[in-house]
Every structure is written in C-alpha cells, then in structure tokens.
Amino acid sequence: MYCYRNVTEDLFWVGGNDRRLALFENIHPLYHGVSYNAYVLLDEKTVLIDTVDWAIGRQFVENVTAVLGGRPLDYLLINHVEPDHAAAIEEILLRWPKVKLITTPKAVILLNQFGFAIEPEQIEEVREGDTRCFGKHTVTFIEAPMVHWPEAMVTFDLTNGALFSADAFGSFRSLDGKLFADEFDFDREWIDDARRYYTNIVGKYGVPVQALLKKAAGIVNDIKFICPLHGPVWRKDFGYLLDKYQHWSTYEPEETGVMIVYASMYGGTERTAEVLAAKLAERGVLNTRMYDVSSTHVSYLISDLFKYSHLVLASVTYNLGIFPPMHNFLADMKALNLQNRTCAIIENGSWAIRSGTLMREELEKLKHMEVLDESVTLASSLRTQNLTDLDALADALAASVKKEG
Ligand code: FEO
C-alpha cells in the first residue's frame, strides 16, 4: 500500500523509512532508523526528484505509482547519485522506460561507474544556472560539489520556492508518519541525529558547504521549503537550521562546554576523568559530557565534538602508543577536518608512559587547536601526588571556559 504525503498541492513526498539498517554506509550505527526522501511534482509534465535506497524500493515504487495516478513519468531529476538515493533509478527506468533523466555531467560519469544502463539519449545534462520548465513550475540548478559527493547539485523551484537540497540539511532518524520539521520538537527530538548525520557524513566538507550557503544566501528570502534527501522537510524556522549549518561548516562550537573522553583499561584513567569533572563542577563548569571511548561509537564522539568548545583526552598508553579506540577517534577528527577547539591531556601508563606526547602530536596536526600546557601524567592510577597537577588542569580549563563563555 502506498504511503505518501503532500508537501504542497502538487508536490508529494514519496520516500520511506528504513528501521532495519544497522549501520548507515556500513559504518554509522542507526538506533532510530533513517528516511530516504524522494519527491514527485505533478505539473504539465511529471517529475520525480531523486530516488531511494533499494531497501525501501518496493514502497517507493508504490508511492510514485499512486501519486502519478496513471500518468506517465516524464522526468527523473537526479541531484545526487550515492546509492542510498540512486539505487532505485534502474527500477524507475524499467517501469517508465520513456522517462528522461536530468542531472549533471559528473553524475552521468558516476552512474556509469555504478553500472546503470542508461541510453545517452535519455539524459539531459544540466549545469549551474540552467533552467527547466515543466508547465507552471520552472526550476533552476545550483551545483554543490562535495556536498557530499563531487557530482551533487541542488534544485530550486522558482515557482513554489522548494529547495531540493540533496544531502544538505538532512538528518538520521525515521520520520514515523510526520514529514515537516515543525511536526516534531526538533530541538529536543532530532537535533542530535541531525548533528551526527552532518558531522560524520558532510563534516569534512565545511568549505564546500560554506560555498553552497553563500549561493543560497542569494535566494534565501524566496525559499519556502527545504526538501532534503534524509529527514524532515522544513517550511519554517530556516534561521534555526541555517545557524546550525553556519556553526558546523565553520567548525565553530555551538556551546561553551567540556567534553571529556577517556580510554581506560582497569579504571585508573576513568576515575581521574571523574575527579576532573567534579573539580570542574566545583569551579562552576557544569556543561560537561563524559564518554568512555571504548563503549561509544566514534560517530557520537565526533558529533559532540562539533558541539562543544573544549575537549579533554585521557588515555592509557597501550603497546607504547595511544589506546587504539582513542587513536581512531583522533584519526576521525583529522579525517573530518575538525578544528578550532581548546584541548587538555591526561596520560596514563604503568611504564613507558607516552600517550600524552602522542595525543598532543595528533592534535597539533589539526588546524587551530590549542592544547593547554597544564596536563596530568599518571603512573597506573590517580594518587595524592597527582592532585596538584589535576587542580592546575581544572583551573586552566575553567578559566578558558569562562573566557569563551
Ligand atoms: Fe544520503 Fe551522500 O547520500
């Protein structure tokens, strides 16, 4: 049975939800599912805007068929060809073989690489600033390279103000019958999933996202709907969403606060992190979060690191190096271009203690990272002789937080 929703009178959401997928891109855990969004515009011509992951292919085809109501499908407009959106293209071609594809030249290359059998005469290549008229509706195309792949574009409907934004403004989490962001308490229910999606999927590409935001600034007053490929459709509160994107894409923290991430084998490092958090609270620093790096998927750590201004890394030394999950966290920070944070270090080891030096070296490879001079070196566990250094570290962190706050 079909399950679609109206965005406007003649624009329909025809996507679906996947709550069975354990790992998005086979790497990021999903606990609340994900939606794959696609849209149908019913004008003098009919237009399908993007497709979906094959996991929901049958639901998608039922939705498109129901919305078309027996009309042929004239156009398939492809903004992004990553298979979570492009996997159903071939099924669309089989069911509506006369459909014309509208997409970028780079997308055509990728479609061929993924093995889609598309006749060249079926494809209309478009570039930035081109327009297409489907009857009442005229759309224009805005290239959005590296948001999140090189071929990506966004499409703006000049008639109804709908921005089909591809991966931009997307989010993890299934829609559960709702469609619009204002049908949720987004800031309570969704923002963490939206942040984890952005930071882990698009986080590396802050500069291209900034370029897209600058292009969008020229039409921002004309945007009435933001229709991403994942998550809810936006029809109000654009300022809230754009403010989040501004922070994330410039690597500016959303909040002044301290994230403490520890790597502990037998509890010595963990207890030190606990004592530090208590000392921070005593100094009035209450916006703190603690994570065990071994039991927290790195995508959550990255997400919160984009949120908070300060980071404490506390790690045991392991095989003369950084404890591997902590090393992985540091590698992910580098891969995702994380920058502009104030950091502090606690190192531990029962002999040949090196994790602090090595973590400092890794942090110094990132841009605009300040590593506080105050640090703590533990030999196996926190003892009385370490408390002076731990107090100095808490003082330095609290002073830095208060300065930024
Ligand atoms: Fe949801 Fe880059 O695809």
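Indexing begins at 1, ligand by ligand and atom by atom, following the structure's order. On a predicted model such as this, the values are computed, not experimentally measured, just so you know.
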Pairs in or reaching into residues 327-360: which pass ring pair (Phe, Tyr, Trp, His ring centres under 6.0 Å), with residues at least two apart or in two chains?
->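 Qualifying pairs, neighbours excluded: none.
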
If you look only at distance, which donor and acceptor atoms sit under 3.5 Å apart when one is on a side chain in residues 271-279 and the other is two or more places apart or in another chain?
| residue | atom | partner | partner atom | Å |
| --- | --- | --- | --- | --- |
| T272 | OG1 | G268 | O | 2.8 |
| K279 | NZ | D391 | OD1 | 2.9 |

Excluding waters, how many protein N/O/S atoms sit closer than 2.8 Å to atom 2 (Fe) of ligand 1?
->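 Number of qualifying protein atoms: 4.
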
Gap separating the CD atom of E125 from the NZ atom of K106, nearest 0.5 angstrom |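 E125 atom CD to K106 atom NZ measures 12.0 Å (nearest 0.5 Å).
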
How long is the span from the CD1 atom in I302 to the NZ atom in K307, to the nearest 0.5 Å?
->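 If we round to the nearest 0.5 Å, I302:CD1 and K307:NZ are 15.0 Å apart.
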
With F116 via ring pair (Phe, Tyr, Trp, His ring centres under 6.0 Å) - residues at least two apart |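 In terms of ring pair (Phe, Tyr, Trp, His ring centres under 6.0 Å), with neighbours along the sequence ignored, F116 is linked to no residue.
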
Of the N, O or S atoms in H230, the one nearest atom 1 (Fe) of ligand 1 =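 Atom 1 (Fe) of ligand 1 is closest to the H230 atom NE2, counting only N, O or S.
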
Given the rule in the ring-ring contact (aromatic ring centres under 6.0 Å, His included) test, do F172 and H32 qualify, once you have shown the distances and angles that lead to the verdict?
-> CA-CA 8 Å; F172 291 144; H32 309 292; over 10 Å; no

